[in-house]
Amino acid sequence: MTVVTGVNESAKSSWHAAVYAAVTGRRRGKGAPTREERRFAELHKPWDDDQWRVSAVLVLDDGRRIELAHDLNGKVDCRATDLALGTDVSAEIMFEGAPDASRYLGLDRKSFAAIAVVNQAELLGVLNAANGLQEHLQRAAATAGADATAAAALAALETFARDNVGLDRANSSKPLRAAKNALENARADLDAAFAEHARYLELTAVAETHRARADKAAQRTLAAQEKAAALELLVHALQVVAERQGDAARVDDVSKAAVTRRDALAQRVAKARSLSAASTDDAVPAGAPAAEAVARIVAAALARWSSVPDLRMPAGSTAADLAQQLDALPPPPDGDTQVAAAVRDAYQGWTRAVAVVTAHDGRRPPDPGTPSQDLEPAVEAGPSMLRQLAAQLGATGNGNSEQVQYLTDARDQARSEQAAAQASLADATARANAARAAFTTAMAAPPSTTTGRSRVPRYGLVATAAAAAVAAVTTAIALSNVTVALVLGALCIAAAVGAFVVARPEPRHPTSGAVNIPALSAAGHAAEEALASAQERLYAAVTEVASADAQLRAAAASSSAAAEVAARCAARSLPADPGALQQLAARAEQHLEAREAFFRWESESQREARTLAQAESGLLRALADRGVAVGATSTEDAFSAYERACAERAEQAARAARRPEVERALAAREAADRDAADVLAQRESALDALRAAVSVASVGVDPEADPEALRDALIQWQAHYDELLIATEARQRDLSQLDVVLDGSTLDELESSLMAAEEAVAEAAKASDAARRALQEAVVHGEELAADAGAPISAGVDAALSDLTRARQARAAAQEQEMELAAVAENAAGVAAERGRTLRSVAEAEECLVAAEAELARVSELSETLRLTSHFLTDAQEQVHRTIAPVLADTLSSWLPLVTGGRYTDATVNPATLEVKVCGPQRKWRNADRLSIGTAEQVYLLLRVALAQHLSTTGESCPLLLDDVTVQADAERTVGILDLLLALASDRQVILFAQGQEVAEWARVHLIDPRHSSVELTRVAVE
């Protein structure tokens, strides 16, 4: 056994793939690489080098040393060499164009990969895929071992059927589809021949029909032409009516416009007369222009007084007080004003480390010391190994001599009963032959009258079947193949019983007493029944012998296993008793747990001490970085001094921080003092303006009076002035309206324009009457033409144009249809004549149909024959699977308790799908792929190992190439798997690649035999 361990990226998987490629090589031949081959190259081909080669030396069980060398890139330099003879032996193991050493095992590179090579995380992947691992295992079972002949025959049948029958689908070109197509074509040809004859008789009638349709189309064309001409005249008349309507509308518009202009002029004249009578020459009040300048002075003075802001004197400290406070404030301090985050975190880390060290010292466990002399071998072996040995002893049983002797006696008794049954069968066969001979002799005499039909020749089937049963069973037992004996015996007994039923004669009724036919028939029936009974006894005896042999083999295997386990216990100085082993396992487990707890405490103590030292060093560095002297004082004192200094600097910084606030208050007070002075100056200026306005307006108030009295007097003067302006504006508006109404003319001129407008209205009324009369005449003419065209005139010219367009289209369509129908009639006559010259032969079509039916019957019979043959071979192949499955289940059941620590003790394998079920001591069965991922991987790993053990058919031991098969197992099951692989390595090579440290430690302890080795890989450097 070889265990290869290493960290991530130490090329374990690459080495695993290299070993597999060195043993089996790669497919070399025509065709593009498969998806698996492309994936293998992507994962393992060198990135920066075109050279991709592997080589290995294999030692066969017969001692031969075979060197394998493969050029995986060029696939040219691939060979297998016998190192002793120096000869090329590639031809012995050639598969798919390249040497494949798995051929020495009776396998190929595909089945070898399916059963003996486990890639990293492969089991977990196939459990999540449909039909996952079962497909690989069925492929392995179908490509190796006992059913290779059946598989090859099935493949040959499938190829023959594909070439000589094919699939029944539309795009197939094989004989079955071709025959069906030919039959369909022949039937279609025959139907077409009949249809052509019927079609020929229809064509002449069709020609006459088309001629009649052409004549009717000519009549429709003439009617359409007349309709189109009438509509053309109507459209012209309607266009004239539309023109007359337009003229009448325009004249009406002119008349309405004249009336509107006359009415507007009348309104202007009336309004001008009214405004002219109301207006006077003195339109502006006296004194208004002189008061306008005074009004502006008064308005400016009032506005200026209103804009003066309220006078607010500032309150609080004066500017001098604030300046004195500012001078008393200290400057900002130098250094930290609060404990720095780095120092705070370092201090908290140090205090936590001190608390952890103190608490850890209080949890010191006792030192277990060295185990006692009786416990030392158990501790060295480990609890898992002890429990596995106990489980093996419990599973193998005692296998005592009394049980073996009992089973031997039972087998001897069954063999005696078998011999007696064989003798009874031979005697019954002789009596049946004698009865047949007597019945044949009696039936040879010519009877006077009989009824029924003789079946005497069929009695030979009974004797023949019975003799075949005896010969088959005897031969099979002589070859020590009990299973074959049971199968052949059952088949021959069934044949004999069937022959007995077929050979029973119909009753005869003799007319004379010379021969008693019923008595002879009854004797024959009795002999046949005795023969059937003897055959059943023989079958039961054979079954008992087979059962006894199986139990003896099981007892011998159990005894051998128990002896092997006892020898392993003795080699390790352990008792060969399950109970004692379980007790030692518990004690060893307690000792190991105590020792592990003490070692773990010591390790944690060292780690916590280092953590404390690192925390203290970090705190001192953080204090030094903040300018704190950490010489002779303790760590706690240094931190406390730093914390007090931060508090003092924080107080000084708080006082110094008030400087901006005091500065802002001083600036605000100075600005408020300046604003108050500005408001006082604005108030004095506005008061001077009020006094000046009072003097100018002569409002009768003393200019030195109160400012509010001055303001009220000026407001009253403004109100009186506003009333004077309103009256002046009203007189000015009347004059402006009169100017607008006259529009640059005089009143007399406007009255003359009104008279001219009334004359224009009268002329427009005359023109309107003339336009209406012309319109009436056009309408009357249009109604006459509309009656001729058969269309209402009220629809309008657009509707008439639409009718005209449709009439013209109908005329064109009728003309085109007339021409088409005439051409069709002429063409139909020609087609009928041509069809009469090219009619198919109905007789020839019927002959083709008969030939196509015969060919289809032949291909269908061949297809059914091939189907039945494939069915029989498939049954034979399934029987091989059913033979393999129990053997695999027995192997799994013997290994399962060792790996699972007795949790699962038995297993079954489905013969159709190779799915695995397991159970524990309570016999509750569970599907293996529904257990935990780790357990499922372990079960299917055991199944692969069992396949590798049983599907190798050449006598060579099958190696196992495993990559990280313990990754999902806990510590106990990991040890169980490794111990099982070590046991399997006694008769085969096992190469295990693993990452876990516990696997490496196990290898250093257990792989002490020179035949075994342990390799530790280092991480590959990154270039």
Side-chain angles (χ1 to χ4, degrees), residues 2-60 64-105 107-114 116-122 959-964 989-995 1013-1023:
T2 301
V3 175
V4 181
T5 60
V7 297
N8 288 333
E9 297 187 351
S10 57
K12 298 188 300 300
S13 297
S14 298
W15 276 106
H16 180 267
V19 174
Y20 166 67
V23 172
T24 64
R26 299 184 68 200
R27 181 179 67 88
R28 181 176 61 183
K30 297 180 179 180
T34 64
R35 182 173 61 85
E36 291 81 3
E37 292 172 344
R38 292 196 301 272
R39 181 60 177 166
F40 184 86
E42 291 173 357
L43 291 176
H44 303 297
K45 185 177 180 180
W47 294 344
D48 303 323
D49 194 349
D50 293 336
Q51 296 295 322
W52 189 21
R53 296 174 176 270
V54 291
S55 63
V57 176
L58 303 182
V59 180
L60 304 181
R64 289 196 298 164
R65 292 170 56 84
I66 306 298
E67 182 184 37
L68 295 165
H70 297 280
D71 179 6
L72 301 180
N73 193 16
K75 299 183 181 180
V76 176
D77 187 11
C78 302
R79 64 186 182 279
T81 306
D82 189 328
L83 295 179
L85 303 177
T87 58
D88 191 332
V89 293
S90 301
E92 296 180 3
I93 55 175
M94 191 65 66
F95 178 69
E96 292 183 342
D100 179 4
S102 65
R103 304 298 291 169
Y104 284 128
L105 306 171
L107 306 174
D108 55 47
R109 63 175 59 92
K110 298 178 181 177
S111 57
F112 180 73
V117 180
V118 180
N119 295 319
Q120 186 179 28
E122 179 189 53
L960 299 176
L961 307 179
L962 312 176
D963 187 8
D964 266 344
Q989 185 172 9
V990 178
I991 301 178
L992 172 64
F993 294 85
Q995 177 181 344
S1013 62
S1014 176
V1015 179
E1016 186 171 357
L1017 301 176
T1018 59
R1019 180 168 289 147
V1020 178
V1022 178
E1023 297 181 358

Is a side-chain N or O of Asp100 found less than 3.5 angstrom from the main chain of Arg109, in a donor-acceptor match?
-> yes
Is the backbone N or O of Cys78 less than 3.5 Å from a side-chain atom of His70, with the two atoms forming a donor-acceptor pair by type?
->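 No; zero donor-acceptor contacts below 3.5 Å.
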Would you please test Arg103 and Asp108 for side chain to side chain contact (heavy atoms under 4.5 Å, CB included) and show each step?
-> CA-CA 5 Å; Arg103 304 298 291 169; Asp108 55 47; 3.6 Å; yes
Is the shortest distance from a Lys or Arg side-chain nitrogen in Arg39 or Glu42 to a carboxylate oxygen in the other one below 4.0 Å?
->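 Salt bridge between Arg39 and Glu42, a charged N being under 4.0 Å from a carboxylate O: yes.
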Rounded to the nearest 0.5 Å, how far apart are [atom1] of [X] and [atom2] of [Y]?
{"X": "Ile66", "Y": "Arg79", "atom1": "CD1", "atom2": "CZ", "result": "13.0 Å"}
{"X": "Thr2", "Y": "Leu992", "atom1": "OG1", "atom2": "CG", "result": "9.5 Å"}
{"X": "Lys45", "Y": "Asn73", "atom1": "NZ", "atom2": "CG", "result": "4.0 Å"}
{"X": "Glu37", "Y": "Leu72", "atom1": "CD", "atom2": "CG", "result": "11.5 Å"}

Report yes if some heavy atom in the side chain of Val4 is under 4.5 Å from a heavy atom in the side chain of Trp15; otherwise report no.
->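 No, their side chains stay 4.5 Å or more apart.
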Output all residues satisfying salt bridge (charged side-chain N to carboxylate O under 4.0 Å, His left out) with Arg65, sequence neighbours left out; order by chain, then residue number.
->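 Checked Arg65 against salt bridge (charged side-chain N to carboxylate O under 4.0 Å, His left out); zero matches.
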In residues 83-93, what donor-acceptor pairs under 3.5 Å come from side-chain atoms, sequence neighbours left out?
residue	atom	partner	partner atom	Å
Asp88	OD1	Ser90	N	2.8
Asp88	OD1	Ser90	OG	2.6
Ser90	OG	Ala80	N	2.8
Glu92	OE1	Tyr104	OH	3.3

Stepwise side chain to side chain contact (heavy atoms under 4.5 Å, CB included) test for Val118 and His16 | CA-CA 9 Å; Val118 180; His16 180 267; 5.6 Å; no
Scan for salt bridge (charged side-chain N to carboxylate O under 4.0 Å, His left out) pairs involving residues 3-23, sequence neighbours excluded, and state none if there are none.
->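 Sorted pair list comes back empty.
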Assess whether salt bridge (charged side-chain N to carboxylate O under 4.0 Å, His left out) is satisfied between Lys110 and Glu96, documenting all intermediate values.
-> CA-CA 11 Å; Lys110 298 178 181 177; Glu96 292 183 342; 3.5 Å; yes
